[in-house]
> 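Handing you a structure now.
Side-chain atoms are counted along with the backbone in the values below, which use heavy atoms only and exclude waters and symmetry mates. Note that the structure is predicted; figures quoted are calculated from it, not measured.
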Amino acid sequence: MTGFPAAALDHVAIPCSDLARSAVFYARLGLTPGFARPGLQQMHLGAGMVELVVGDTPPQEAPVPRHLALRVADLDAAALALRELGIETDGAPRTGASGTQYLFLRDPDGNWVEVVAR
């Protein structure tokens, strides 16, 4: 065997201070709860998963280098839905140099979440 075998992204772990509060927040973004145990809540989205893990959440003023990105088909519709849900974003949708539309928001612990449309 040469090289690493074909792989797919399974999950991303995100630190949080309050599992219940974070689970509610991510459910509002369309993720569904899965397995849970003290200190851990799995949240599913399509074939992917986010693991909410109780832990330190050091502040990060800018969304780079660490953030979670969710892809949507219509960013303007997603931005409107976020406003209706009372979730603040860092501004209106904009287009990056690669042509990707995006905006950012923060979860209850200040972790950055990017919403993109390609």
Side-chain angles (χ1 to χ4, degrees):
M1 179 168 146
T2 58
F4 193 77
L9 182 64
D10 184 72
H11 71 274
V12 175
I14 297 179
C16 64
S17 60
D18 182 325
L19 279 178
R21 179 182 67 175
S22 293
V24 167
F25 176 83
Y26 284 97
R28 293 173 74 198
L29 296 179
L31 285 78
T32 56
F35 173 79
R37 63 170 170 76
L40 173 84
Q41 173 67 61
Q42 293 179 342
M43 302 292 292
H44 298 275
L45 183 65
M49 181 173 49
V50 171
E51 286 186 339
L52 302 173
V53 181
V54 173
D56 291 334
T57 55
Q60 180 178 293
E61 293 306 312
V64 174
R66 188 179 69 241
H67 65 272
L68 168 70
L70 303 175
R71 187 182 312 163
V72 298
D74 183 338
L75 189 59
D76 291 325
L80 177 61
L82 291 168
R83 280 193 297 278
E84 290 172 351
L85 289 167
I87 297 173
E88 293 184 31
T89 68
D90 71 339
R94 53 209 177 271
T95 303
S98 68
T100 299
Q101 293 182 298
Y102 67 96
L103 60 78
F104 284 94
L105 56 107
R106 288 181 183 251
D107 76 5
D109 286 291
N111 295 304
W112 288 96
V113 178
E114 182 179 17
V115 182
V116 301
R118 297 183 191 276

> To the nearest 0.5 Å, tell me how far Met43 CE sits from Thr32 OG1.
6.5 Å
> Kindly write out the residues that satisfy side-chain hydrogen bond (donor to acceptor under 3.5 Å, both in side chains) with Asp90, not counting sequence neighbours, or none if the list is empty.
Arg94
> Kindly write out the residues that satisfy side chain to side chain contact (heavy atoms under 4.5 Å, CB included) with Arg71, not counting sequence neighbours, or none if the list is empty.
Val116, Arg118
> Going by side-chain hydrogen bond (donor to acceptor under 3.5 Å, both in side chains), name the residues that satisfy it together with Asp107, two or more places apart in sequence or in a different chain.
Tyr26, Asn111
> Enumerate the residue pairs fulfilling ring pair (Phe, Tyr, Trp, His ring centres under 6.0 Å) with a member in residues 58-92, sequence neighbours excluded, ordered by first and then second residue.
His67-Phe104
> Considering all heavy atoms of both residues, which atom of Leu19 and which atom of Leu40 are nearest to each other, and what is their separation?
CD1-N, 3.3 Å
> Which pairs pass ring pair (Phe, Tyr, Trp, His ring centres under 6.0 Å) with one or both residues in residues 30-55, sequence neighbours excluded?
none
> Which heavy atom of Gln41 sits nearest to which heavy atom of Gly34, and what is that distance?
NE2-O, 3.2 Å
> Hydrophobic clusters here meaning ILVMFWY residues chained together by side-chain heavy-atom distances under 4.5 Å, can you tell me if Trp112 and Val115 are in one?
no
> Report yes or no: do Val12 and Tyr102 belong to one cluster of Ile/Leu/Val/Met/Phe/Trp/Tyr joined by side chain heavy-atom distances under 4.5 Å?
no
> Supply the members, apart from Val24, of the Ile/Leu/Val/Met/Phe/Trp/Tyr cluster built from side-chain contacts under 4.5 Å; use none for a lone residue.
none
> Pair up each side-chain donor or acceptor in residues 76-85 with any protein partner under 3.5 Å, not counting sequence neighbours, and list the distances.
none

> Under 3.5 Å, sequence neighbours excluded: what are the donor-acceptor pairs made by side chains of residues 46-60?
from, atom 1, to, atom 2, distance (Å)
Glu51, OE1, His11, NE2, 3.4
Glu51, OE2, Gln42, NE2, 3.0
Gln60, OE1, Arg66, NH1, 3.4
Gln60, NE2, Ala62, O, 2.9
Gln60, NE2, Arg66, O, 2.8

> List in chain and number order the residues that pass side chain to side chain contact (heavy atoms under 4.5 Å, CB included) with Ser17, two or more places apart in sequence or in another chain; answer none if no residue qualifies.
Arg21, Asp109
> Looking at Gly30 and Leu45, what are the two nearest heavy atoms and their distance?
O-CD1, 3.8 Å
> Quick check on the hydrophobic clustering: are Leu68 and Val64 connected, directly or via other members, by side-chain heavy-atom contacts under 4.5 Å?
no
